Amino acid sequence: MKRYMLAVTVLLSAQAAVASEAVIQGQLEQYRSQGAGPFNAANGEAMWQKQHMQEKLGKEVNCASCHGANLKEAGSHIKTGKRIEALAPSVNPERFGDAEKIEKWFGRNCTWTWGRECTAQEKGDILTFLKAQ
Amino acid sequence: MNRKKFMGVMLLAGCVTVAMATLGWSGEDERWEHERGERGEHGVLPVTSGVEPVMNKTYKAECSACHFAYPAGLLPERSWVKIMNNLDDHFGDNASLNKETRETIENYLRGHAADHIPNRFSRSILRSVDENQTPMRITETGYFVHKHREIPARMVADNPQVKSFSNCLACHSSATHGSFDEHGVRIPGFGRWED
């Protein structure tokens, strides 16, 4: 029974990983249709780390300010302290399963962190970096 | 203090309290403390001790990403309307939603706001807010400030495990079930709250 449960769990998480992979590929395809690409994980990581001045907070912030230094571990919202589950799809199969959710948070987090929208190229680079985590 | 003396003091304190109540005296501290005595006064209305926990799925999904999904019964209807119509500048964050989602959530919050929920916390909060005012925060209502006035900054703003009074769940671990009972409070890094 235990072994059976394990098999089911592995199968389910593998399926979730496939789902997020398909959603991410769909997004990358869309960015390409907007003229972006090819995408580069190293560029994505560099953008993820880059510090920007957040005017309302009066502090330098980057994407890790809430998502944490280690993407395989939970982060914490810089203002409210709320726990934010790990972003790495290798440890959190619920990540990147919904295109609308991805775009919603790109919209919010790019404007909050960088003071502007992310371009299709930047989103593609970042997703390519994140999906490999 | 020995037991006898203690009982004496308690008895005296009791008499003073009764005397003050009879005289209709109401000090600053007691202004919002009537809630217990009022229970049952309204006969038909069941006065529950907790706050109605969050039940709407859309509200929960969208409004619990950055913080705990605050129970609707902790702010008056007019506050929720104002909050829901200013989501693009939400306490320095951008929490905007598409029209349909926004309306679903606004309807839920309005229907379950403090004005419509007969429990003691909701009533106390309502009573502590000036009718001409529309608070944007639970944490700025008179009742909230009053209940949390003894908690020093080192346990909240300067406490990396709490950060902000808006982080209800950090100290009220049963808040998701609608319970804010003062006896269940644990402040991370400082332990149980005894007063």
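As the structure is a prediction and not an experimental result, all values here were calculated from the model. Here is the naming used below: chain letters follow the sequence lines, and residue numbers restart at 1 for every chain.
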Participant: If the contact rule is any heavy atom under 4.5 Å from chain A, which residues of residues 155-166 of chain B qualify, in numerical order?
Facilitator: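 Only Val162(B), Lys163(B), Ser164(B) of residues 155-166 of chain B have a heavy atom under 4.5 Å from chain A.
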Participant: State plainly whether one hydrophobic cluster holds both Ile84(A) and Leu127(A), where clusters connect Ile, Leu, Val, Met, Phe, Trp and Tyr through side-chain heavy atoms under 4.5 angstrom apart.
Facilitator: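 No.
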Participant: Please classify the contact between Ala65(B) and chain A as side chain, backbone, both or neither, with a heavy-atom cut-off of under 4.5 Å.
Facilitator: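 For Ala65(B), heavy atoms of backbone and side chain both lie under 4.5 Å from chain A.
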Participant: Can you name the salt bridge (Lys or Arg N to Asp or Glu O under 4.0 Å) partners of Glu103(A), sequence neighbours left out?
Facilitator: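 Partners of Glu103(A) by the salt bridge (Lys or Arg N to Asp or Glu O under 4.0 Å) criterion, ordered by chain and then number, come out as Lys123(A).
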Participant: Please go through Val61(A)'s hydrophobic cluster and name the other residues, only I, L, V, M, F, W, Y counting, with side-chain heavy atoms under 4.5 Å joining them.
Facilitator: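 In the cluster with Val61(A) are Leu57(A), Ile78(A), Trp112(A).
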Participant: Using only non-hydrogen atoms and a strict under-4.5 angstrom cutoff, which residues of residues 25-50 of chain A touch chain B?
Facilitator: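 Answer by number: none.
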Participant: At a heavy-atom separation under 4.5 Å, does Lys79(A) approach chain B through its side chain, its backbone, both, or neither?
Facilitator: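 Interface part for Lys79(A): both.
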Participant: Rounded to the nearest 0.5 Å, how far apart are CZ of Arg83(A) and CG of Leu169(B)?
Facilitator: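 Rounded to the nearest 0.5 Å, the CZ-CG separation comes to 11.5 Å.
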Participant: Can you see which heavy atom on Arg108(A) is nearest to which on Ser96(B), and at what distance?
Facilitator: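 Closest approach of Arg108(A) to Ser96(B), heavy atoms only: NH2-O, 3.0 Å.
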Participant: Is it true that Leu126(B) and Ile117(B) fall in one hydrophobic cluster, defined by side-chain heavy atoms closer than 4.5 Å?
Facilitator: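 No, it is not one cluster - the side chains of Leu126(B) and Ile117(B) are not joined through contacts under 4.5 Å.
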Participant: For atom NZ of Lys104(A), is the number of surrounding heavy atoms from other residues, nucleotides or ligands below 6.0 Å larger than 12?
Facilitator: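 Counting neighbours around NZ of Lys104(A), more than 12 heavy atoms of other residues, nucleotides or ligands fall under 6.0 Å, so yes.
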Participant: Assigning hydrophobic clusters by single linkage (Ile, Leu, Val, Met, Phe, Trp, Tyr; side-chain heavy-atom cutoff under 4.5 Å), is Val81(B) placed with Leu109(B)?
Facilitator: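 Not linked; separate clusters.
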Participant: Can you measure from CG (Asp93(B)) to NE2 (His77(A)) and round to the nearest 0.5 angstrom?
Facilitator: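 Reported to 0.5 Å precision, the distance equals 4.5 Å.
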Participant: Using the rule that two of Ile, Leu, Val, Met, Phe, Trp, Tyr join whenever any of their side-chain heavy atoms come within less than 4.5 Å, decide whether Ile151(B) and Ile138(B) are in one cluster.
Facilitator: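 In one cluster with Ile151(B): Ile138(B), yes.
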Participant: Going from OG on Ser64(B) to NZ on Lys82(A), what distance comes out if it is rounded to the nearest 0.5 angstrom?
Facilitator: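 Ser64(B) atom OG to Lys82(A) atom NZ measures 5.0 Å (nearest 0.5 Å).
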Participant: Go through the atoms of Asn98(B) and report whether side chain, backbone, both or neither lie under 4.5 Å from a heavy atom of chain A.
Facilitator: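 The answer is the side chain of Asn98(B).
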Participant: Is Phe190(B) reachable from Phe180(B) through a run of I, L, V, M, F, W or Y residues, each pair having side-chain heavy atoms under 4.5 Å apart?
Facilitator: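 Same cluster: Phe180(B) reaches Phe190(B) through Ile, Leu, Val, Met, Phe, Trp or Tyr contacts under 4.5 Å.
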